[in-house]
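To start, the structure itself, in structure tokens.
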Amino acid sequence: MADQDSKSSEYKVAIASTDGETVNQHYGKAEKFYIYSINDEVGYDFVEERYVEPVCMDGAHEISRMKKSVLRFTDCRYIVVSRLGTAANAALSAAGITAMELPGSIDDAILHVWKYNQIQNLFN
């Protein structure tokens, strides 16, 4: 499960991007994620670039590689990608991480995540 309390107003988001401006990578093919810290009341800040070993091998996924990949994001509440397969979505969900397909600008993606988080907190 993701390390951050679901009611906390501060959380991290991992974004799959090649250029740090757009969400343009498939989860399984991404080599780099941009990590942002979001504070629901204040805004967001870039934290780091996180490099990972891609888990997609021509459409196939090795379970051990998928688990290792997911472990790299246990400090994140959300992962934002341009595309996401069902196996990756299931593995992330099992770890308490919400994955979202939000291709486009990183700023727009963060705004969507923020709105989604606000709605989720209405039900907690």
Side-chain angles (χ1 to χ4, degrees):
M1 183 171 230
D3 288 342
Q4 299 176 24
D5 181 342
S6 64
K7 292 185 179 183
S8 171
S9 66
E10 237 178 282
Y11 48 93
K12 289 183 183 174
V13 177
I15 299 178
S17 176
T18 58
D19 60 11
E21 295 179 22
T22 55
V23 180
N24 59 5
Q25 286 285 281
H26 181 286
Y27 177 82
K29 296 180 180 181
E31 296 178 357
K32 178 172 46 172
F33 287 79
Y34 289 80
I35 309 300
Y36 288 84
S37 176
I38 298 177
N39 182 306
D40 284 340
E41 287 81 36
V42 179
Y44 66 92
D45 289 310
F46 172 74
V47 176
E48 67 174 304
E49 289 180 17
R50 191 172 295 175
Y51 292 87
V52 298
E53 183 179 334
V55 296
C56 187
M57 301 174 296
D58 296 323
H61 303 94
E62 192 175 293
I63 294 172
S64 63
R65 287 178 70 179
M66 183 68 74
K67 286 181 180 180
K68 183 179 175 183
S69 173
V70 169
L71 287 175
R72 296 277 291 136
F73 300 106
T74 57
D75 62 328
C76 298
R77 187 179 300 171
Y78 300 100
I79 289 201
V80 177
V81 297
S82 64
R83 294 290 297 152
L84 179 73
T86 55
N89 191 30
L92 290 162
S93 181
I97 302 167
T98 301
M100 300 178 174
E101 289 183 354
L102 297 170
S105 79
I106 287 178
D107 289 334
D108 287 346
I110 289 174
L111 179 60
H112 286 293
V113 169
W114 177 81
K115 287 178 181 178
Y116 177 86
N117 195 66
Q118 293 296 303
I119 292 167
Q120 294 305 304
N121 286 335
L122 291 174
F123 302 104
N124 290 330

Rounded to the nearest 0.5 angstrom, the OG-CD distance for Ser105 and Glu21 is 9.5 Å
Residues passing the side chain to side chain donor-acceptor pair (under 3.5 Å) test with Ser69, sequence neighbours excluded, are Tyr27
_Are Thr18 and Gln25 packed together at the side-chain level, in the sense that at least one heavy-atom pair is separated by less than 4.5 angstrom?_
yes
**Asked** Is there a donor-acceptor contact under 3.5 Å from the side chain of Thr22 to the main chain of Asn24?
**Response** no
Sequence neighbours excluded, the answer for salt bridge (charged side-chain N to carboxylate O under 4.0 Å, His left out) partners of Glu48 is Arg50
- If we only count heavy atoms from C-beta on, is the Tyr116 to Thr98 side-chain gap below 4.5 Å? yes
Glu41 meets the salt bridge (charged side-chain N to carboxylate O under 4.0 Å, His left out) criterion, sequence neighbours left out, with none
**Request:** Kindly indicate whether the side chain of Asn117, heavy atoms from C-beta on, has any atom under 4.5 Å from the side chain of Arg77.
**Result:** yes
By side-chain contact (heavy atoms from CB on, under 4.5 Å), Ala14 pairs with (sequence neighbours left out) Phe33, Ile35, Phe73, Cys76, Ile79
Tyr36 meets the ring pair (Phe, Tyr, Trp, His ring centres under 6.0 Å) criterion, sequence neighbours left out, with Tyr44, Phe46
For His26 and Ser82 the tightest heavy-atom approach is N-OG, 3.5 Å
Between Val81 and Val23, the two heavy atoms sitting closest are C-CG1, 3.4 Å
Applying side chain to side chain donor-acceptor pair (under 3.5 Å) to Asn89 and not counting sequence neighbours gives none
With the side chain counted from C-beta on, respond yes when Ile15 and Ile110 share a heavy-atom pair under 4.5 Å apart, and no when they do not. yes
Are side-chain heavy atoms of Leu102 and Val113 found at a separation under 4.5 Å? yes
Residue set satisfying salt bridge (charged side-chain N to carboxylate O under 4.0 Å, His left out) with Glu101, at least two apart, ordered chain then number -> Arg83
Applying side-chain contact (heavy atoms from CB on, under 4.5 Å) to Ser93 and not counting sequence neighbours gives none
Nearest heavy-atom contact between Glu31 and Pro54 is CG-CG, 3.4 Å
Here the gap from Lys12 atom NZ to Thr74 atom OG1, rounded to the nearest 0.5 Å, amounts to 9.5 Å
Applying side-chain contact (heavy atoms from CB on, under 4.5 Å) to Lys67 and not counting sequence neighbours gives Ile63
Here the pair of heavy atoms bringing Ser17 nearest to Gly20 is OG-N, 2.9 Å
Across all chains, not counting sequence neighbours, the side chain to side chain donor-acceptor pair (under 3.5 Å) partners of Thr86 are none
Val80 and Ala109 have their tightest heavy-atom pair at CG1-CB, 3.9 Å
(message) Using side-chain heavy atoms (C-beta onward) and a distance below 4.5 Å, is Asn121 in contact with Asp40?
(response) yes
Value for OG (Ser9) from CD (Gln118), rounded to nearest 0.5 Å, stands at 9.0 Å
Side chain to side chain donor-acceptor pair (under 3.5 Å) filter on Arg72, not counting sequence neighbours, yields none
